[in-house]
Number of protein chains: 2
Amino acid sequence: MASRKEVADLAGVSEATVSRVLNGVGPIKEETRRKVLEASEKLGYVPSAIARSFARSKSGNLGVVLPYVPKAHLFSAYFFSEMLSGIGNKARDSGMDLLVMFRSPGEVMNYADLFRRQKVDACIILGAKDDHGELAAMQQLQEEGHPFCVMNQHFAGESFLEVDADHVEGSRLAVHHLTEQGYRKIAFLNGPDSYSNSQERLLGVQIGLKEAGMELDPDLLLEGNYSRRSGVEAAATIAARLDEIDAVFAANDRMAIGVMHGLRERGIEVQNFPAFVGYDDSDAAEMSVPPLTSVRVPFYEMGELAVSKLIHGSLVGSASTEASGSPSEWPRELLPTELIIRASSIRK
Amino acid sequence: MASRKEVADLAGVSEATVSRVLNGVGPIKEETRRKVLEASEKLGYVPSAIARSFARSKSGNLGVVLPYVPKAHLFSAYFFSEMLSGIGNKARDSGMDLLVMFRSPGEVMNYADLFRRQKVDACIILGAKDDHGELAAMQQLQEEGHPFCVMNQHFAGESFLEVDADHVEGSRLAVHHLTEQGYRKIAFLNGPDSYSNSQERLLGVQIGLKEAGMELDPDLLLEGNYSRRSGVEAAATIAARLDEIDAVFAANDRMAIGVMHGLRERGIEVQNFPAFVGYDDSDAAEMSVPPLTSVRVPFYEMGELAVSKLIHGSLVGSASTEASGSPSEWPRELLPTELIIRASSIRK
DNA sequence: TTGTAGGCGTTATCAG
DNA sequence: CTGATAACGCCTACAA
């Protein structure tokens, strides 16, 4: 493999000049540039990313932390592959590589070490929970001035850079869609309270009901864990009170589908199903029978946005990796959600 | 951030000794070790991964190339997230980090440059196609002696390190399951021929039919592109000849479900559906209505295996990153597939 | 068992 | 506009 020195020799210039040409830095005489490029081409020279990182003290990597994926599949693959694609494409445009890490079940991630070891210049955290260890790890990142972005989770009272969708509005839309059609007895199957997303959905549901002059019946508020199985389990409750329930709004598609399955298992026919609305508008919604009305979340765009913010904020790529912006610089702006209406929620 | 020199000073040893202790290299007096560890702990010293990479000329990264994910979602997110999890966990155990890259639509990947730039020490290629550019890129890798592994795609005549599942057997099992129950008019909806997986499925189908004293009716061999949509389209053909078809085997779950949807759209009732068998045993199979019989592929395990092979083969981690093994060292061993029987294929 | 010193391939600074 | 040259932080013979 050709070295830079060989290129320099062949081009009749110094190594420094080769470097400048290849990095497009500083003013270079056109002829010199051409000579260098030719020599480099001919020799098949490729600069070492490692050496460059070393010299610049920057890895050129964007870290992406993914949640632990248990057998139960609490998290939908759709969710993450969409976000990851968005992140990946945008990162590529910015010349960064993606370093992905899976959070492990027990272990509390020490995010700061990622930076200290210089494996990443910035990072995006997906599927975080609002628990003590997680919060502390992020606060440390913040204190040490490492650029990072949290997706799909809000930490109240903190000034983290966050990217999220408007789940309050998404949930309100879902409920409004139901009440508008005359459904009055709406059960809400939410996810665990430890995700801000769940709390936001609850709020949206309450707002939606209030708009229709109703309020959430505590008996009709159920909690699952975002897995299909938990939906199946919730179906037991729902089946038992089918006469007091005419619609079900679930906090994600997997649970909505789980409930449908559970009802079927109990011999309840589709025509006797309550109306259903899910959330995420994942593949599964489209594939479900009946096709599931669902709240679309722009995961892909959220991924892109997270990268843009990280880079655009001069948090990465600029000379100073110092402090991330102040709270006021990063107001919480939410991407819009949208209701996709399918057969499951249409009044028969 | 504490430097190694400070640690050395505090511990009263040389930097080299600090390095040895932290890397567990060479014989060290227990007391020295303790002193170094203490000093390092107290100062919060964290060695720079970049500098280490530089000194060792190894990035410590395992590259994972993912296919382009089009809007059409030809590839199932399930498929990749499972493989990625398997790869990720195993890689972590081996102290490697994952560098993921998305293939872009037009561009022919130059895999070799990844290595030349030293971004990765080894790489795993997912969702490769058997086309000219792809093959050439891999041959180059092979020639230059870079360790890599191809998953889910076989390149005949090449001696690449490959990890795949036994799709011939998986397909045979699917067909056998159908013929065993007396289904005789079996339509096969395959994927594009440019994936070896499709070819293997076809072979398995032929074997399965032959075992039952039948053979594949060319009119009942359909081709989709692994997307749900292509299944919906195939449903047109199937619906038109519903009297000549009593079972459908699709090369993946998405297409199987697409066919079901297509039939429903045409007003065909579930009780008049042909038997269905899908492939991959993805989430969707379980969520489908009726639940879809499918061939389980151990994607997670395949991911783990790929990493093991790459590492175990001393292809990575050892001093020599020279040639990858000879063909005979890497015979094509296939992970077992398994038929998961659900309602869709049970004789009513 | 430990210290010394050379080298890894770039970038960046400073002269010229 | 271009050429020297000093870091960069760690690993690893080699020497002691």
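As a basis for the values below, the full set of heavy atoms in this structure was taken, side chains included, without hydrogen atoms, waters or symmetry mates. Each chain gets a letter, A, B and so on, in the order its sequence line appears, and its residues count up from 1. Since we're looking at a predicted model, the values are computed, not measured.
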Tell me: [atom1] of [X] to [atom2] of [N], nearest whole Å?
{"X": "B:E15", "N": "C:dA5", "atom1": "CD", "atom2": "P", "answer": "13 Å"}
{"X": "A:K58", "N": "C:dG9", "atom1": "NZ", "atom2": "P", "answer": "24 Å"}
{"X": "B:R117", "N": "C:dT10", "atom1": "CZ", "atom2": "C1'", "answer": "15 Å"}
{"X": "B:R20", "N": "D:dA13", "atom1": "CZ", "atom2": "P", "answer": "11 Å"}
{"X": "A:I28", "N": "D:dT2", "atom1": "CD1", "atom2": "P", "answer": "6 Å"}

Salt bridge check: are B:E38 and B:R34 linked by an N-O gap of less than 4.0 Å?
yes
Whether A:D93 and A:K90 form a salt bridge (side-chain N of Lys/Arg under 4.0 Å from carboxylate O of Asp/Glu) is what I want to check.
no
Ring pair (Phe, Tyr, Trp, His ring centres under 6.0 Å) partner of B:F148, chosen from B:F115, B:F155, B:F160
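The option that passes is B:F160.
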Would you indicate what [X] reaches in the nucleic acid, counting non-hydrogen atoms under 4.0 angstrom: base, sugar-phosphate, or nothing?
{"X": "A:T32", "value": "sugar-phosphate"}
{"X": "B:S57", "value": "nothing"}
{"X": "A:V25", "value": "nothing"}

Output yes when at least one side-chain N/O atom of [X] is less than 4.0 Å from OP1 or OP2 of [N], else no.
{"X": "A:S14", "N": "D:dA4", "answer": "no"}
{"X": "A:S19", "N": "C:dT11", "answer": "yes"}
{"X": "A:Y45", "N": "C:dT10", "answer": "yes"}
{"X": "A:R52", "N": "C:dT11", "answer": "yes"}

